[in-house]
Every structure is written in structure tokens, then in C-alpha cells.
**Student:** 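I'd like to ask some things about the structure below.
All values reported here derive from a predicted model rather than from experimental measurement.
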Amino acid sequence: MKSLRRCFYIGVAAAAILMVGTTSVQAAPTAKITAIVLSVQHRKGASGEWAKSKVGSLLPAGSRVRTGKRSKCEIKFPDGSIVRMGPRSDMVIQAVTDRQMQLKYGSLWAKFIAGRGARVQGGSAVAAVKGTTLDFSSWPNPDGLSSDRCTVYDTLQGVDFATPHGITSLMGGFGATWSPRPPPPPGAPPPSPPPAQLRPPGAFAHGQYSPPSFGFASGSNTQTTPGGDAGLTHKQTRYSSKRSVNMQLPGTYGEEEGNLEVIVQQVPERKVRPGSAALFAMAQMPRVASTFVAATVAQTTMPGKVFGKRFFGPYLDADVFGLWGDNDSMAGLRLRPTAIVGDWYLELGATTWNDFEGNWHTHLSEGFAAIRPKDSEITIGRQHFLEGPVNNADLGTIIGFDTIDAIRWRRQLNERWSVDVGLVQDYLPFTNKDLSGHFVRLQSNVDEGMFGFNWVRESGNASAYSIDASLPAVPGVIDLYGEFGCNSARRHVETWGIYLPGLYQEHDIDLFIERASRSGEATLHSLVAYKEISDDVTGVLLLQKSSGTPWGISVGGMLEF
């Protein structure tokens, strides 16, 4: 009897131990993938098989996640903290509960819940987070070492940015960059350890102006053409010199008002290459001025004061571009200084070009200030309106403008819908015609694409309205997009287009084929291709044909530095 009782107790104890062990296994903390754009892969644990990621995939400690070209991924931790990986990024989740991760390369945006620490390890530096919103990036250099950068946004507790030579404490609105020196040659004395330098963060209090991975709707899985916005975020377009290329195509308000912009800015942030500016300075004189500004700013350990506010900058970006074609040819330069005053982002831009007929043209292409209250953005001044999926021409769209003088308010209403409202002083700032009014755009992500509704009011004219959409016919291979509506002259407009995302993934080529029409005017067929030759150089090919005319061809390119 005693032996039976003893066996019973042993069995109960064994069952209890087994239940506790099973419960502990089931309760092991995991992070979860909550949003995916394009190509994302993950591996569970340190030795799991690589698999295509899906919304809802669980990531235990040791898991590794990779994003492809123009791809993004949102990961949510059990405490509600969110990490959003940018394109071409590789990250290992070292610990789930303690929110520890290693960014092997790439970029991420993160919002960590305050109260417990978090840790982001890069290739050469570590961000010890006390609870904040931040950007972190790590890119390999040609010497095999990595350059790491951290920018801090809203925080009361800050981030400790640690390098082998010290710790820099960062509060909201500050950033730091670390690039380790290569080892000295054999026999050379060791260099003195440089301090980690504070740098202007390229960000203001409520967000960076063009962050690499901002604005996922939780739980969404979206694919769209690079020319469209999937409704996940307020699209921040870096308007490029390709606007001058657009003059090749006819538009609603004349040749100056084309809309050929392709969202080339969705490529990853350019990698930091120490010394590259110096190498090119002698060969390219315009680079000298940019290098001088960057070097001066990098030595500024504290921001200056303007109107009693913190001042970061100025930065100076420049583009050189050219286009040669059957009709017109041109070559020019665009300069774009930017700065941050308090919570405001400021940007100016001037573009000048020669048409090879002895004529020079100069435009003030940008001149605006932007601020980001919570879930919104307000932009005041000369800015760019590049919403919707149509890329090659404005013939078949009611948006016959790409640069406007306006006050614009954008807000993400919920996980699916966003709204864009503008009070416009001048729709056509580059012409003698003064046209004011207002517009509203509603946009939503639908399945794996986007849908938008546009309403435009122009002074002295009737209202214009249209709907547009972008959907993958074969996900990752063929996207279809278009716009259908009526412009302010009561003329029917429509555009149908095809984009090939697989071509970009395989060969870094953006290819847009469109057919655009407007009542009473010749139908326009066009093909536009952009080729990423390098991080700094983009080539362009244009083919176009109006009804009753032969095909025209143009080729060109742009160098960014």
C-alpha cells in the first residue's frame, strides 16, 4: 500500500514538473511581426531555416530578420515597444523581454516604452536606451569597419551612445555619429582616442523629415508601386532635379508642369564613407563647398541659437543633371540647403539649367518650413505635391501641378486612412498665371495596394475630382495603377499604367509604362525607365508618342552629392 501511495505521489510530482516545464516553454516571450512591405525574411532562433515572413510571425530570442530593397518590417515586443526596420537591413533579436538587438547593417526606427531599458548594438557603437523614440543606423565602410548613427526624438530620459572611447548622452533633438579609425600600420604610434562628436541630427522634435522607416499601420501587409503611397505614412518626397526632365512631356498647364517624379528617394540612406569627399574634392569642384559645410558642422558640439531656439545646420545637398533628346536638351545644377530651428525643419532650394540655345533658367524650387505635431504634419511655403500613383505625365490627371505655394496639413486618421488638406496661394509659381484654391486628398491602403480620392478647387474654375489606385496584379512582379476623373475644365481625364517591381529587385531599374488621355487632346503613350547606377548616380530613359506623331527618345542622368 505504501509503495502504491509512493508511486502515486511520484506520478503527481512528475506531472506537476512536466506541466510547469510545458507552461514555461509556452510562456517563453516572443516578439511579433506586425507589418511587412515587399521582401522580408526571418529565421527563428540561431539555427532555424530562413523563411518568408508573414504578418503574425513570432520571433523568439535569437531570431534574425532581413529586409530587401525598398522593403520594410515592423516588429512589436510584448510590452508594446515597436521597431521598424528600413530597407536592406539585417537585425538579430538577442533578448525579447530586455529588448536587446543587434543591427548588423541597415537602419531602424524604434519607440521603446519607458520604464525598462533597451539596447541597440551596431557595428561599432551601442545605444543604451532608457525609453524613447530614436533612429539608429549602421553601415559598413570600405575598410571593413562600420559607421553608426543615433538620432533621438521625444524623450525625458535620453540615450547613452557608447563607443570604445566614451559615452555621449543624447536627449531629444540630438544625434551622434561614430566612425572608428582604421588600425595604424605596423610600427606606427597609436593615435589619440577622438571623442564621439555630436552632429546635427537631421531631425526635429517630432520626427525626422525623411526617415528611412517611419509610418507603418499595425497589422498591415502592403505592396505598392514606388510611385504610389500605400496609405501607411505621410509620404515625404525628396523632390529631385528630375522635375526639369519633366519639361519634355506636355502637361495641363504647359510644358513646365509635367509630373515624371519617381520615388528614387525610397532607396536606402547613402552609406557613410569616411574620406570619400576628400577623394573627389579635387576632381569635382562643387563638392568642395559641400564638404566644407559638412566638416564645419561636424565640429560643432552644441547647437547654436536662432530666435532663441536651437539651430542645427545648415546642410547643403547638390544635384547635377542633364538630358539629351530628339526635342530639347538641358543641363543644370540644384542646390538645397536645410536646417532645423527648434521643432521646425527648414528647406530652401534653387535649380538652374541651360537649354543649349543660349538661355539660362532659374527657379526657387523649395522654400518651406515643416513641423510635426503628434500624428500630423504641417508644411508652410513652396513645396511639392507628388501624391498618387501616376508618374509619366499630368495629361490624364487632375493634379496638374507638382510645386505649390501653400499651407498643407496631413494626418494619419487611423491604421488605414490618411488625409491631406491644402490652402493654396499659387498652384503655378513658375508661370505668370496666378491660380489659387484648395484641395483635399483621402488615401487608404486596400489589400496589398492603395486607393485615393482627390478634390481640387481652383479660383475662377469648377471643381476637379478623381479616384486613383495602385494594386499588384502579380505581387512582386507586375503592378497596375491608374487615375480616372474630371478636371476643372470639365474634361474627362484618365491614366492607366504598369510598373514592374521585379525588374527593380533584380536589376535596379524602375520601369513605368503609361497611357494618358484628356478629352479634346491627343492621347500620350510613354515609357520612363530609371536605373540606379550607384548610390549617387541615376540614369533615365524616356520614350514618348502622342497620337499622330512619331516616337521621341531622350536619355539623361543625375549625380547627387
Side-chain angles (χ1 to χ4, degrees), residues 29-44 51-61 63-96 99-113 118 120 127 129 131-138 151 153-154 206-208 210-224 226 229-236 266 268-269 374-375 412-418 443-450 475-476:
T30 59
K32 182 170 66 173
I33 294 178
T34 51
I36 291 173
V37 173
L38 294 181
S39 176
V40 180
Q41 292 182 323
H42 73 279
R43 184 181 69 186
K44 289 188 176 181
K52 183 178 180 180
S53 301
K54 299 179 180 179
V55 172
S57 296
L58 300 179
L59 304 173
S63 297
R64 188 171 176 178
V65 183
R66 291 174 177 170
T67 59
K69 299 176 183 177
R70 289 181 179 159
S71 303
K72 303 176 185 178
C73 178
E74 179 183 83
I75 300 171
K76 192 170 185 178
F77 287 79
D79 70 339
S81 296
I82 293 173
V83 173
R84 293 168 179 162
M85 297 174 60
R88 298 182 187 179
S89 299
D90 187 339
M91 187 182 74
V92 176
I93 299 176
Q94 298 171 316
V96 174
R99 303 175 298 182
Q100 296 185 16
M101 59 213 71
Q102 178 187 11
L103 184 64
K104 291 183 172 294
Y105 59 82
S107 59
L108 62 83
W109 175 94
K111 183 176 183 180
F112 293 111
I113 303 301
V120 181
V129 185
T132 185
T133 303
L134 58 83
D135 277 333
F136 192 95
S137 64
S138 181
T151 301
Y153 304 133
D154 303 325
H206 294 281
Q208 189 169 334
S210 295
S213 52
F214 182 79
F216 283 91
S218 179
S220 64
N221 180 358
T222 301
Q223 294 177 301
T224 185
D229 183 349
L232 301 179
T233 184
H234 304 139
K235 183 169 59 180
Q236 286 300 333
Q266 289 186 359
E269 179 181 322
K374 185 177 180 180
D375 297 327
Q412 193 76 33
L413 300 178
N414 53 39
E415 292 184 352
R416 292 186 57 182
W417 287 92
S418 63
Q443 187 169 292
S444 175
N445 56 306
V446 179
D447 293 329
E448 295 184 338
M450 55 80 67

**Student:** Please examine the side chains of Met91 and Val83, heavy atoms only from C-beta on, and report whether any two atoms are closer than 4.5 Å.
**Tutor:** yes
**Student:** Has Thr67 got a side-chain atom pairing as donor or acceptor with Ser89's backbone, closer than 3.5 angstrom?
**Tutor:** yes
**Student:** Less than 4.5 Å apart, any side-chain heavy atom of Pro60 and any of Lys44?
**Tutor:** yes
**Student:** Could you pull out the closest heavy-atom pair between Ser53 and Gln41, with the gap in Å?
**Tutor:** OG-C, 3.2 Å
**Student:** Side-chain contact, heavy-atom cut-off 4.5 Å: Met85 with Val40?
**Tutor:** no
**Student:** Nearest heavy-atom pair of Ser71 and Ser39: which atoms, and what distance?
**Tutor:** OG-N, 2.9 Å
**Student:** Quick check for you: to the nearest 0.5 Å, what is the distance between Thr151 atom OG1 and Leu134 atom CG?
**Tutor:** 8.5 Å
**Student:** Taking the side chain from Ser81 and the backbone from Ile113, do they hold a donor-acceptor pair closer than 3.5 Å?
**Tutor:** yes
**Student:** Say you draw a straight line from OG of Ser137 to CG of Leu103; how long is it, rounded to the nearest 0.5 Å?
**Tutor:** 8.0 Å
**Student:** Testing the basics here: between Ala61 and Gln94, what is the closest heavy-atom pair and its distance to 0.1 Å?
**Tutor:** CB-O, 3.8 Å
**Student:** Nearest heavy-atom pair of Val65 and Leu59: which atoms, and what distance?
**Tutor:** CG2-CD1, 3.8 Å
**Student:** Which heavy-atom pair separates Pro78 from Val96 by the least distance, and what is that distance?
**Tutor:** CD-CG1, 3.6 Å
**Student:** Are Phe112 and Val120 packed together at the side-chain level, in the sense that at least one heavy-atom pair is separated by less than 4.5 angstrom?
**Tutor:** yes
**Student:** First locate atom CZ of Arg84, then atom CD1 of Ile75, and finally report the distance between them rounded to the nearest 0.5 Å.
**Tutor:** 11.5 Å
**Student:** So if I apply the salt bridge (Lys or Arg N to Asp or Glu O under 4.0 Å) rule between Asp90 and each of Arg43, Arg66, Lys104, which one comes out positive?
**Tutor:** Arg66
**Student:** For Gln443 and Ser418, test the side chains for any donor-to-acceptor distance below 3.5 angstrom and give the result as yes or no.
**Tutor:** no
**Student:** If you take all heavy atoms of Arg99 and Met101, which pair is closest and at what distance?
**Tutor:** O-CE, 3.4 Å
**Student:** Could you state the interatomic distance from NZ (Lys111) to CD1 (Ile82), rounded to the nearest 0.5 Å?
**Tutor:** 7.0 Å
**Student:** Mind checking the OG-NZ spacing from Ser107 to Lys72? Nearest 0.5 Å is all I need.
**Tutor:** 9.5 Å
